[in-house]
There are 2 protein chains.
Amino acid sequence: MTEPMGRRERKKAATRQKIADTAMRLFLDRGYDAVGIRDVAAEADVAVTTVFSHFASKEALVFERDDDFEQRLTRAVTDQPLIPALRQEIRAMVRHCTADSAAPVWHMIDGSPALRQYEESMRLRHAEALAAAIAAGPGPDRTTTACRTIARFVVDAYALAREAADPDAAVDETFLMIEAAWEAARPERATLGSGAA
Amino acid sequence: MTEPMGRRERKKAATRQKIADTAMRLFLDRGYDAVGIRDVAAEADVAVTTVFSHFASKEALVFERDDDFEQRLTRAVTDQPLIPALRQEIRAMVRHCTADSAAPVWHMIDGSPALRQYEESMRLRHAEALAAAIAAGPGPDRTTTACRTIARFVVDAYALAREAADPDAAVDETFLMIEAAWEAARPERATLGSGAA
DNA sequence: ACCGTAGCACTAACGGTTACGGTTTTGGAA
DNA sequence: TTCCAAAACCGTAACCGTTAGTGCTACGGT
């Protein structure tokens, strides 16, 4: 997986990491809004343009590792049955980001409309990727609409659980609803059909 | 509903409308990105600051009437049974914005990431309002989480149907799933309980 | 050893947004 | 009617995220 990177790639990765770390440190220190891109660039000792060559926007500095999120979701699709596999994955993610160690970061995110909005559209991207994975996955065939719908529901579950008083319970409750929705999406077999593939 | 407005309020509303109309005309004419706020202000013959005193952002100029959307959703909650009432409302909304006359506007929206993102966070606001309305509405009691979940599902249905090849069919299909999810959220009666209130 | 190019720097600008201070308009009270 | 406080609006200048343009340097493949 991690091939021997050349010096160039290593330097690039180091620069990227240095920028991300510096940014996060400044954000947590002084507040997201109080830190400008020029501050981050200066503190990380790079040019402003370099920051934007590594990160598409200021908000992306905060969600540096969002690729992981998407990959964990899409990989969970290969496990069966589908919905319980997704439930477990969502539960793990929610646990991860409601952990005490992550509290300051999420407090910052909740306090910034820009960051919240960015996270939303991130989730939508993930939902699209998940829908594609489900449609291509090993499970029984469903319509495109059903796949996209269930994918949205799953990322909704994450978003809602993150804000709930009892995240674990919220995941369970929402996934009961998702399971029912997924069953209802079986093609044409009404409510009691046996799943003959 | 529409109380007799004084001159001041009428003038204010007129200014707001003039700005919105001018903006939409310019946007459709030259493209959203090619029109600056300063252009809109000049064409509407107002100051830039006046534009922002009426609209919170450039994107808000495009979604001028989003209050309607929210109110239609929350009002539909008083009708029973809940899910079919919401389905009808969503269907009407989808029809409205997939009509030929609205095509240019939605084409513009689809072509601008900023507008798409703005619409997403708008929908989330609507979902929250809907969740509150459902929780306070006349239907049987459900958990807060169940209400928020269903509200998200409903606005998801709108978003997905708007992009589907056959919007009406997509609404129906998604609402079959939503209905099942809502049934599954009944408190503690497992899968076959009779709904004794 | 050499060349193509990836990575980075620097400056200047663009465009949405806001702060600020001043002017006009309006509704209502004296 | 007269007058006042608030509301609406104006104009300018600035802030900040983001991008274009240009060039330099160090690295990797040949």
Side-chain angles (χ1 to χ4, degrees), chain A residues 3-24 26-27 30-64 108-109 112-119 121, chain B residues 3-20 22-24 26-27 30-64 108-109 111-119 121:
Chain A
E3 320 242 326
M5 291 196 292
R7 194 190 342 261
R8 181 180 261 168
E9 296 171 68
R10 251 184 297 118
K11 280 199 177 183
K12 180 171 182 177
T15 301
R16 183 196 154 93
Q17 202 56 45
K18 183 176 182 182
I19 293 171
D21 292 346
T22 304
M24 190 58 81
L26 293 184
F27 289 160
R30 311 180 200 165
Y32 181 75
D33 288 327
V35 177
I37 288 287
R38 292 164 177 87
D39 300 328
V40 174
E43 186 82 7
D45 198 30
V46 295
V48 172
T49 47
T50 302
V51 174
F52 283 104
S53 78
H54 285 276
F55 301 93
S57 66
K58 184 186 181 186
E59 296 93 56
L61 285 166
V62 173
F63 297 96
E64 185 216 350
M108 174 180 83
I109 292 170
S112 160
L115 287 175
R116 288 184 73 96
Q117 193 170 347
Y118 183 87
E119 199 211 344
S121 62
Chain B
E3 321 240 328
M5 291 195 293
R7 194 188 349 259
R8 180 182 261 169
E9 295 171 69
R10 247 185 300 119
K11 280 200 175 184
K12 181 171 182 177
T15 300
R16 183 195 152 92
Q17 201 57 45
K18 183 176 182 182
I19 294 172
T22 304
M24 189 57 82
L26 293 184
F27 289 159
R30 311 181 198 164
Y32 181 75
D33 288 328
V35 177
I37 287 288
R38 292 162 178 89
D39 299 328
V40 174
E43 187 82 7
D45 199 31
V46 295
V48 172
T49 46
T50 302
V51 174
F52 282 105
S53 79
H54 285 276
F55 300 93
S57 67
K58 184 186 181 185
E59 297 92 58
L61 286 166
V62 174
F63 297 96
E64 185 218 350
M108 174 181 84
I109 292 170
S112 159
L115 287 176
R116 289 183 73 95
Q117 192 170 349
Y118 184 87
E119 199 211 342
S121 62

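Naming convention: chains lettered A, B, ... in sequence-line order (proteins, then strands); numbering from 1 in each chain.
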| Nucleotide range of DNA chain D lying under 4.0 Å from chain A heavy atoms | dC16(D) to dG28(D)
| said: If the condition is side chain to side chain contact (heavy atoms under 4.5 Å, CB included), which residues does Ser53(B) pass it with, not counting sequence neighbours? | reply: Thr50(B)
| note | Contact check, residues 12-20 of chain A vs DNA chain C, heavy-atom distance under 4.0 Å, returns Lys12(A), Thr15(A)
| Going by the salt bridge (Lys or Arg N to Asp or Glu O under 4.0 Å) test, which pairs reach into residues 51-64 of chain B, not counting sequence neighbours? | none
| message | Could you work out, with side chain to side chain donor-acceptor pair (under 3.5 Å) as the rule, every residue matching Arg116(A), not counting sequence neighbours? | response | Asp110(A), Glu163(A)
| Nucleic acid contacts of residues 33-44 of chain B, taken as heavy-atom distances under 4.0 Å to DNA chain C | Val35(B), Gly36(B), Ile37(B), Arg38(B)
| field | Straight-line distance of Gln17(A) CD to His54(A) NE2, nearest 0.5 Å | value | 11.0 Å
| task | Starting at atom CZ of Phe52(A), determine the distance to atom P of dC14(C), rounded to an integer number of angstrom. | result | 18 Å
| said: On a heavy-atom basis, which atom in Leu26(A) and which in Val35(A) lie closest, and how many Å separate them? | reply: O-CG2, 3.5 Å
| query | For the pair made of CG in Leu115(B) and P in dG16(C), what is the distance, rounded to whole Å? | reply | 12 Å
| said: What contact category does Val46(B) fall into here, base, sugar-phosphate, or nothing, at under 4.0 angstrom with non-hydrogen atoms? | reply: sugar-phosphate
| field | Residue-phosphate contact under 4.0 Å: Thr49(A) side-chain N/O, dA9(C) OP1/OP2 | value | no
| request: Identify, with sequence neighbours excluded, every residue that meets side chain to side chain donor-acceptor pair (under 3.5 Å) alongside Asp39(B). | output: none
| What distance do Phe27(B) atom CZ and Thr22(B) atom OG1 have between them, rounded to the nearest 0.5 Å? | 10.5 Å
| query | Of all residues at least two apart in sequence or in a different chain, which pass the ring-ring contact (aromatic ring centres under 6.0 Å, His included) check with Phe55(A)? | reply | none
| remark: Closest heavy-atom pair, Ala23(A) versus Val40(A), reported as atoms and distance to 0.1 Å, is CB-CG1, 3.8 Å
| task | Return the set of residues passing side chain to side chain donor-acceptor pair (under 3.5 Å) with Glu119(A) (not counting sequence neighbours), or none when no residue passes. | result | Arg123(A), Arg162(A)
| note | To the nearest 0.5 Å, atom OG1 of Thr15(A) lies from atom CZ of Arg10(A) at 12.0 Å
| field | side chain to side chain donor-acceptor pair (under 3.5 Å) partners for Glu43(B), two or more places apart | value | Arg25(B)
| message | Just to verify, what does Tyr118(A) make a ring-ring contact (aromatic ring centres under 6.0 Å, His included) with, not counting sequence neighbours? | response | Phe63(A)
| Could you run down nucleotides 25-30 of chain C 5' to 3' and tag each one B, S or - for protein heavy-atom contact under 4.0 Å? | BBS---
